[in-house]
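Some notes on the structure that comes next.
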Amino acid sequence: MTPINMSSDTQTLPTEQMYDAMRSAPLGDDMLRADPTVNRLEELAAEKIGKEAALFVPSGTMGNLVSLMVHAKPGDEVIVDSESHVYYYEAGGIASVAGLMPRTVPSRGGRLDPEQVAAAVRKRDQHFPVPRVLCLENTHNRSGGRIVPVELQNRLAAVAHERGLAVHLDGARIFDAAIASGLPAAAFTEHVDSVMFCLSKGLSCPVGSIIAGTAAFIEQARLVRKRLGGAMRQAGILAACGIVALQTMIERLAEDHRRARRLAEEIATIPGLSVEMESVQTNMVYVDHTGTGLDTDELLARLATAGLLASDRAPTHFRLVANRHHGDAEIAEAVARIRRALATDDR
Ligand code: TLP
């Protein structure tokens, strides 16, 4: 039995067109800015995301780190949602590598409250770290891939800017937000100073993310990327996939969203499982399994035995992510495997 891997959209493999592009891409030393394919990707990415300049980085984690390190220096404060990826899943890099002091603000379903953010910006006083940057996330991973509406994002950015803070957007899945909202991605980046988005998630590239902002920001970011060991050589072999991704893989994200919705509707009919349907706005489905009486690890192990790979959001939920490898047949089969995993039950 071939497992259906719905643990993440990071599990996507390159498309045939990407393999072809890799083979024929002109290459050079990107450290010297002499890789024509990387240069082309960076130009195209800046244009697609509505910013002056862009930089190719090895991962989303490094893209967030580099961006925050450009905006703030060790000892400064970064305001983050307590459920954000940068705070929750990036191994404490903002503290251990960037030396930043995280000031967490809780969000509701990925939505920060502008008043709470305003209240979290401390005044300048020798007792306090200097607040320098607000970090936003859209779509919001831990709230189920929910979209932060553009108007709210803009209000949050205004609150930060009025108080002299820069705004960085972790837009790992910003094209999911854009496609699901029927807006250009640039609508989400107009009022942020920097944005990171991933090529290696639903867009199907094997490696790589982009950071974008003003030309001056990217100049600084290039230096920080080098300092972190993230400057690459013949990276055009990877950038070639990124170009294909930006040209061919964005519109189709709507299919993942449609299938995630269908999957959620089916799962909601299975005894012991429930899904907050309002949270299913893009490609993710967070399933509440408390009704099964199983703990998350045990449940994931049963799913794996039944041939479905999911990821955990212990202690109450597991996550399934629809990606381009899942057609309607795989979605139906995933549901059947969940039913089977729970039916072989000796509780
Ligand atoms: N998210 C991964 C895991 O790290 C949890 C996933 O499977 O969802 N920002 C957001 C919002 C992300 O979801 C991720 C990856 C990143 C940044 C980091 O990207 P990478 O994995 O390229 O460092």
Side-chain angles (χ1 to χ4, degrees), residues 38 41-74 76-81 84-87 90 93-94 97-100 102-103 112 117 121 130-141 148 150 152-175 177-178 184-201 208-228 230-231 242 246:
V38 173
L41 169 65
E42 291 176 345
E43 272 167 37
L44 181 62
E47 187 191 308
K48 286 261 179 206
I49 204 72
K51 290 288 179 199
E52 206 178 0
L55 184 70
F56 187 44
V57 290
S59 69
T61 300
M62 188 183 281
N64 284 334
L65 194 56
V66 167
S67 301
L68 294 174
M69 287 173 79
V70 173
H71 293 308
K73 60 182 188 315
D76 289 342
E77 197 164 59
V78 50
I79 298 182
V80 282
D81 169 2
S84 62
H85 193 279
V86 76
Y87 182 69
E90 297 185 9
I94 47 173
V97 182
L100 301 180
R103 170 111 161 146
L112 287 165
V117 170
V121 181
V130 178
R132 284 283 182 209
V133 54
L134 169 67
C135 185
L136 303 174
E137 182 177 318
N138 208 355
T139 62
H140 191 273
N141 188 340
V148 181
V150 167
L152 174 59
Q153 221 196 251
N154 290 346
R155 273 200 288 141
L156 290 162
V159 162
H161 285 148
E162 282 157 16
R163 288 159 182 78
L165 275 69
V167 181
H168 173 67
L169 173 62
D170 174 349
R173 299 183 180 83
I174 197 63
F175 290 107
F188 287 89
T189 63
E190 194 183 346
H191 297 290
V192 301
D193 301 287
S194 58
V195 55
M196 180 283 290
F197 71 82
C198 294
L199 296 163
S200 63
K201 299 201 162 54
S209 291
I210 293 286
I211 53 181
T214 62
F217 168 84
I218 290 300
E219 210 45 55
Q220 283 299 308
R222 199 175 284 282
L223 177 71
V224 177
R225 180 188 68 168
K226 167 71 182 161
R227 197 170 279 157
L228 295 178
L246 293 180

Would you say the side chain of [Y] lies within less than 4.5 Å of the side chain of [X], judging by non-hydrogen atoms?
| X | Y | answer |
| --- | --- | --- |
| Leu169 | Gln153 | yes |
| Leu199 | Leu41 | yes |
| His140 | Asp81 | yes |
| Val224 | Leu228 | yes |

Write down the atom of [X], the atom of [Y], and the distance for their closest heavy-atom approach.
| X | Y | value |
| --- | --- | --- |
| Leu55 | Glu42 | CA-OE2, 3.5 Å |
| Val133 | Ala72 | CG1-CB, 4.2 Å |
| Ala54 | Ile210 | CB-CG2, 3.9 Å |
| Leu65 | Ala98 | CD1-CB, 4.0 Å |
| Phe197 | Ala45 | CZ-CB, 4.0 Å |
| Pro102 | Val80 | CB-CG2, 4.2 Å |

With rounding to the nearest 0.5 angstrom, report the [atom1] to [atom2] distance, [X] to [Y].
| X | Y | atom1 | atom2 | value |
| --- | --- | --- | --- | --- |
| Arg222 | Phe56 | CZ | CZ | 12.5 Å |
| Asn64 | Leu68 | CG | CG | 6.0 Å |
| His168 | Ser194 | NE2 | OG | 5.0 Å |
| Asn138 | Ser84 | CG | OG | 12.5 Å |
| Ile211 | Lys51 | CD1 | NZ | 12.5 Å |
| Leu165 | Cys135 | CG | SG | 11.5 Å |

Requested in this report: Measure up the Phe217 and His71 rings against each other and bin them: parallel (under 30°), tilted (30 to 60°), perpendicular (over 60°).
Outcome: parallel

**Report entry** Residues which pass side chain to side chain contact (heavy atoms under 4.5 Å, CB included) with Arg155, listed by chain and number, not counting sequence neighbours
**Finding:** Pro114, Leu152

Report task. Would you please name every residue forming a salt bridge (charged side-chain N to carboxylate O under 4.0 Å, His left out) with Arg132, sequence neighbours left out? Result -> Asp76

Query raised in the report: Would you find a donor on one side and an acceptor on the other, under 3.5 Å apart, between the side chain of Glu137 and the backbone of Asn141?
Result: yes

Query - Modelled atom types, side-chain donor and acceptor of Glu90 and His85, under 3.5 Å - result: yes

Anything under 3.5 Å between a donor and an acceptor, one on a side chain of residues 185-193, the other on a protein residue two or more places apart or in another chain? List them.
{"from": "Thr189", "atom 1": "OG1", "to": "Ile49", "atom 2": "O", "distance (Å)": "2.6"}
{"from": "Thr189", "atom 1": "OG1", "to": "Ala186", "atom 2": "O", "distance (Å)": "3.2"}
{"from": "Asp193", "atom 1": "OD2", "to": "His161", "atom 2": "NE2", "distance (Å)": "2.7"}
{"from": "Asp193", "atom 1": "OD2", "to": "Val167", "atom 2": "N", "distance (Å)": "2.7"}

Requested in this report: Could you check Val78 against Tyr87 for side-chain contact (heavy atoms from CB on, under 4.5 Å), going step by step and ending with a plain yes or no?
Outcome: CA-CA 10 Å; Val78 50; Tyr87 182 69; over 6 Å; no

